[in-house]
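Read the structure below first, then the notes.
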Amino acid sequence: MSTDTAARGSATTTPVATAVTTARAAYDSGRTRSLRWRRTQLAALERLLVEAEDELVAALAADLGRPAVDAWLADLSSTAAEARYARRYLGWWARPRVTGVPLGVAPAVGTWRPEPLGVVAIVGPWNYPVYLTLAPLVAALAAGNTAVLKPSEYAPATAAALHRLVPRHLDPEAVTVVTGGPAETQELIGAGVDHVFFTGSPEVGAKVMETAARTLTPVTLELGGKSPTIVDASADVAVAARRIAWTKLMNSGQTCVAPDYVLVHRAVVDEFLEEFGSAAREMRAGDLAMRVVDDRHGDRVRGLLADHGGRVVLGGDTTVTTAGTGELAGPGVDLTVVLDPDPDSALMREEIFGPVLPVLTVDSTDEAIAFVEARPRPLATYVFSRTRATIESVRDRIATGGIVTNHTMFHVLVPQLPFGGIGRSGMGAYHGKWGFEALSHRRPTLIKPTWPDPSLVYPPYAESTRKLLRKIF
Ligand code: NAD
């Protein structure tokens, strides 16, 4: 019995085991291979997002205090756009290809085509719990896989909504949803699935990879980290400050690609702080209190602010609630700017994932680049500059998941671009055809005729044959 079969056969009656067995049977039925089935599922996913909009928006509000417009923009429309794009192009992505072959292999035709992998386990985080659970599902379905989804336990209303809605709209055997925390996730990863698609923190990513390694289950890891932003002396500082403020405020900084900290040229740092403060106050109608997901995360962010060695130049109140700010009432932390914290402080070592922005003064682009390069590779790097040489230096010298110039984060919303990390910020990429490819196996088939079958290719080889073979191969 192969290890695969042994792992599959070990299923007991836990919800996770049942979900994997069900998804496996659906895959083995062969129905997911047809392009028609894949398109039908993607269309059904788009319908789910429209028909269940109110239910999902209510769940996101309950879990995260997310206003309806943000929920629609960040979670629903982004997922629908991925599904629509994949539905449109998957026929092209899945097409079989024909290639030539080297002389030594001729006559023959080489063909290859993307094949599904089988059952994909999708593990989501809490911060965009619809988008980051269902966008990987788009890739899995487009590539003809079945899937078991495990949404985050820290967005329980959304997890429950997905548990209810997904089987109602999609093929209920091909896409199953399990709920739970680390124990259930570990069980899922070790349950004989064919691929694990994980979005979450680097620390948990390492645990996921460790468990997956035991069964040689491949993983895609979409992780986090500290994404830096560089503002050089030539930048349009007002635009930079406004865009950084806007994207830092989104979901209270609890976004994997949020600008984590800013390296600002000394010549423009005062202007930057001034512009950032007024942009943020304007966007928040004067109230800097930002909702964080729960007290656990609130305490973590407060811990980062306890001892940073810098100067608080905006906000700083760490025990606020968000009643009356447009978000649902809940635990909060002021949008806080810390100028020149100690680079070795926890604030500058750990991913902030909250409404705190460290601003570090630098004297050159080289200094900024060296600062970033001395740290773990980030998920994204942003550079605001009107100088081509600066932009090119950042592009060529910083190893990072992605780069945006003169804005932040928006590469996430472009399905034509691969999205993923490098080093500690992740491995593998998805969105659009990149997700399709991540969850496909490129399988070659070499087609040989039975004739000709020259005897000279078979041993034993005469000296003259050896010379000829050396020329051909
Ligand atoms: P997390 O790593 O704590 O949890 C993610 C998932 O892992 C959850 O479903 C959770 O149940 C599961 N999990 C937790 N402990 C586990 C364990 N020991 N074994 C197996 N599974 C376990 O992440 P989070 O707090 O939900 O999200 C925040 C992190 O995710 C941040 O680091 C952020 O940058 C990152 N993130 C990355 C992306 C991206 O696209 N690269 C997107 C969003 C968030």
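Note that ligands are numbered from 1 as they come in the structure, with each ligand's atoms numbered from 1 the same way.
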Which class fits the ring pair Tyr89 and Trp93: parallel under 30°, tilted 30 to 60°, perpendicular over 60°? parallel
To check your reading of the model: name the closest protein heavy atom to atom 34 (O) of ligand 1, its residue, and the distance in Å. Glu351 OE2, 2.5 Å
Would you call Asp75-Arg66 a salt bridge at under 4.0 Å N-O? yes
Counting heavy atoms under 4.0 Å, the part of Leu132 that contacts ligand 1 is side chain
Between ligand 1 and Ser152, can you find any atom pair, the residue atom being a heavy atom, that is separated by under 4.0 Å? yes
Does an N or O from Tyr430, backbone or side chain, lie closer than 3.5 Å to an N or O of ligand 1? no
Verify whether one side chain among Thr22 and Thr176 offers a donor that lies under 3.5 Å from an acceptor in the other. no
Test of proximity, Ser425 against ligand 1: N or O pairs below 3.5 Å: no
Identity and distance of the protein heavy atom lying nearest atom 14 (C) of ligand 1: Val204 CG1, 3.7 Å
With heavy atoms and a 4.0 Å threshold, my read on which part of Glu153 contacts ligand 1 is side chain
Mode of Val123 contact toward ligand 1 - side chain, backbone, both, neither (heavy atoms, under 4.0 Å): side chain
For Thr361 and Asp340, test the side chains for any donor-to-acceptor distance below 3.5 angstrom and give the result as yes or no. yes
Applying a heavy-atom cut-off of 4.0 Å, say which part of Tyr128 lies close to ligand 1: side chain, backbone, both or neither. neither
Using modelled atom types and a 3.5 Å cut-off, is there a donor and acceptor pairing between side-chain atoms of His297 and backbone atoms of Val293? no
Using distance alone, determine whether Pro125 and ligand 1 share an N or O pair under 3.5 Å. no
Starting from atom 26 (O) of ligand 1, find the nearest protein heavy-atom neighbour and note its residue, name and distance. Trp126 CD1, 3.0 Å
Judged by modelled atom types alone, do His195 and Thr220 share a side-chain donor-acceptor pair under 3.5 Å? yes
Can a cation-pi geometry be assigned to Arg296 and Tyr154, taking NZ or CZ under 6.0 Å from the six-membered ring centre and within 45° of the ring axis? yes
Pick one of side chain, backbone, both or neither for how Asn127 approaches ligand 1, counting any non-hydrogen atom pair under 4.0 Å. side chain
Protein residue, atom and distance nearest to atom 20 (C) of ligand 1, heavy-atom basis: Gln186 NE2, 3.5 Å
Once you restrict to heavy atoms under 4.0 Å, what part of Lys207 touches ligand 1? Side chain, backbone, both or neither. side chain
With sequence neighbours left out, the residues meeting ring pair (Phe, Tyr, Trp, His ring centres under 6.0 Å) with His431 are Phe419
Is any N or O atom of Gly124, backbone or side chain, closer than 3.5 Å to an N or O atom of ligand 1? yes
Sequence-distant partners of Ala80, side chain to side chain contact (heavy atoms under 4.5 Å, CB included), two or more places apart: Leu49, Arg84
Is Arg442 salt-bridged to Glu115, cutoff N-O under 4.0 Å? no
Considering distance alone, does some N or O of His297 sit under 3.5 Å from an N or O of ligand 1? no
For atom 35 (C) of ligand 1, what's the nearest protein heavy-atom neighbour? Residue, atom name and distance, please. Gly200 O, 3.2 Å
Please confirm whether Phe353 comes under 4.0 Å of ligand 1, counting heavy atoms of the residue only. yes
For ligand 1, is any non-hydrogen atom under 4.0 Å from Val257's backbone (N, CA, C, O), its side chain (CB onward), both, or neither? neither
Can you pull out the closest protein heavy atom to atom 12 (C) of ligand 1? Residue, atom name and distance to 0.1 Å, please. Thr185 OG1, 4.0 Å
Between Glu46 and Arg87, does any side-chain N to carboxylate O distance fall below 4.0 Å? yes
Does Asp342 pair with Arg349 as a salt bridge, N-O distance under 4.0 Å? no
